[in-house]
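Scroll down for the structure; my scribbles are underneath it.
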Amino acid sequence: MGSSTVSYRWEADSTKNTTPVHTVTLESFDIGAYEVTQIQYLAVMGTNPSWFSWPACTSCENRENCPVENVTWGEAREFCQRLSDMTGRTFSLPSEAQWEYACRAGSTTTWCFGDNEDLLGDYAWYFKNLSELNGLLFEVDYTYIQVGERPMPVGLKLPNAWGLYDMHGNVWEWCLDSWHVDYTGAPTDGSAWEPESGPLRILRGGSYYGVNKINCPSVARFANSVDNPLCEDGFRIIEIK
């Protein structure tokens with residue numbers, strides 16, 4: 001991707017933590033077309049922390065290509081470091097600015113594909129379309145879970161204009177940035193926002209869990225403690241050139 005600008009936008013269903021609008025100039029970077037999968041995480045880290053873990057969870061085909069979840073921010077950072085060491089290349093979590101630039105793929109609309117909510121299910125796994133899979137049940141650790149409350153294998157929905165999949169929904173994606181209550185004073189060079197303001201770090205993109213579209217717009221933000229794994233939280237990586 002070449003240098004460009006990113007504008008954070010206010011949406012009607014967003015909270016004040018998505019404002020004020022500001023412009024960010026980015027240097028070129030590459031980002032993963034998919035969220036990091038369970039089989040990829042296992043190959044690098046030697047473990048699979050996912051709550052809906054493969055191969056124990058057999059609720060659908062191609063389960064090993066479900067996104068890894070239940071990972072902390074620190075574990076996601078460690079994955080990037082180990083992969084860098086293994087390959088001699090430099091990988092990282094994206095900054096918020098990098099993530100949103102990649103998600104929008106040149107768009108200025110609610111979602112990467114436009115403002116028509118009726119199309120959301122073509123691009124995202126979220127509660128509504130997952131709940132339409134007949135409400136089947138499956139067992140994980142002796143607990144029965146609604147089929148609508150789990151991630152799905154990556155790459156099954158349509159990509160955005162730049163060929164990136166699951167930027168909306170499926171799992172929240174860790175970013176480097178610390179949590180701030182809004183964008184006042186945010187960096188304009190696309191870097192992660194430091195210094196750290198407490199133990200919270202940013203996640204972007206929404207997840208499979210939630211009852212409406214609030215979790216899925218390009219501006220959607222969430223924060224979690226660096227050492228608190230959740231079954232909604234995964235990540236994708238960038239390569240630093």
Side-chain angles (χ1 to χ4, degrees), residues 1 6-19 21 31-37 51-52 59-63 65-69 94 96-136 138 145-175 183 202-224 230-236:
M1 300 177 187
V6 179
S7 293
Y8 296 108
R9 301 174 60 251
W10 170 265
E11 304 290 352
D13 58 1
S14 298
T15 62
K16 68 179 182 179
N17 66 47
T18 64
T19 60
V21 174
I31 190 167
Y34 308 100
E35 295 158 329
V36 172
T37 65
W51 202 83
F52 301 96
S59 59
C60 64
E61 295 181 1
N62 205 27
R63 194 66 190 163
N65 286 320
C66 281
V68 67
E69 29 80 10
E96 269 205 275
Q98 290 170 324
W99 189 95
E100 186 168 326
Y101 176 67
C103 174
R104 287 191 177 280
S107 69
T108 58
T109 49
T110 305
W111 298 281
C112 67
F113 55 84
D115 294 315
N116 185 355
E117 185 183 352
D118 292 340
L119 299 178
L120 181 57
D122 294 334
Y123 291 82
W125 288 114
Y126 71 122
F127 186 84
K128 183 178 178 181
N129 58 6
L130 285 170
S131 296
E132 292 170 353
L133 297 178
N134 300 318
L136 300 174
F138 66 94
I145 305 296
Q146 288 287 344
V147 74
E149 298 180 0
R150 61 173 172 84
M152 293 290 285
V154 302
L156 298 183
K157 293 296 183 179
L158 294 176
N160 69 12
W162 291 346
L164 306 178
Y165 294 82
D166 301 303
M167 297 300 294
H168 305 296
N170 218 15
V171 292
W172 286 101
E173 299 179 16
W174 284 111
C175 293
Y183 288 135
I202 295 291
L203 298 114
R204 297 296 302 262
S207 77
Y208 63 89
Y209 182 79
V211 296
N212 55 35
K213 66 177 181 176
I214 290 175
N215 279 346
C216 292
S218 299
V219 296
R221 304 173 78 218
F222 184 60
N224 190 14
L230 293 176
C231 61
E232 297 175 65
D233 295 355
F235 64 102
R236 79 177 67 218

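Heavy-atom minimum distance, Gly32 versus Leu164: O-CD2, 3.8 Å. Taking each heavy atom of Tyr208 and Phe52 in turn, the nearest pair found is OH-CE1, 3.4 Å. In this structure, Cys112 and Ser218 approach most closely via the heavy-atom pair N-OG, 3.9 Å.
Atom CD1 of residue Ile202 and atom SG of residue Cys175 lie 7.5 Å apart, to the nearest 0.5 angstrom. Annotation: the span from Glu69 atom CD to Ser207 atom OG amounts to 10.5 Å, rounded to 0.5 Å. Here the SG atom belonging to Cys216 is positioned 5.0 Å from the CG atom belonging to Leu120, to the nearest 0.5 angstrom. With rounding to the nearest 0.5 Å, the separation of CZ in Arg221 from CH2 in Trp99 is 11.5 Å.
Phe113 meets the ring pair (Phe, Tyr, Trp, His ring centres under 6.0 Å) test with Trp111, Tyr123; sequence neighbours excluded. Partners of Glu173 under the salt bridge (Lys or Arg N to Asp or Glu O under 4.0 Å) rule, at least two apart in sequence or in another chain, are Arg236. Residues meeting the side chain to side chain donor-acceptor pair (under 3.5 Å) test with Asp166, sequence neighbours left out: none. Contacts of Asn224 classified as side chain to side chain donor-acceptor pair (under 3.5 Å), with partners at least two apart in sequence or in another chain: Asn228, Asp233.
Between the Lys157 side chain and the Trp125 main chain, no donor and acceptor come within less than 3.5 Å of each other. Using modelled atom types, one side-chain atom of Asn129 and one backbone atom of Ala124 make a donor-acceptor pair closer than 3.5 Å.
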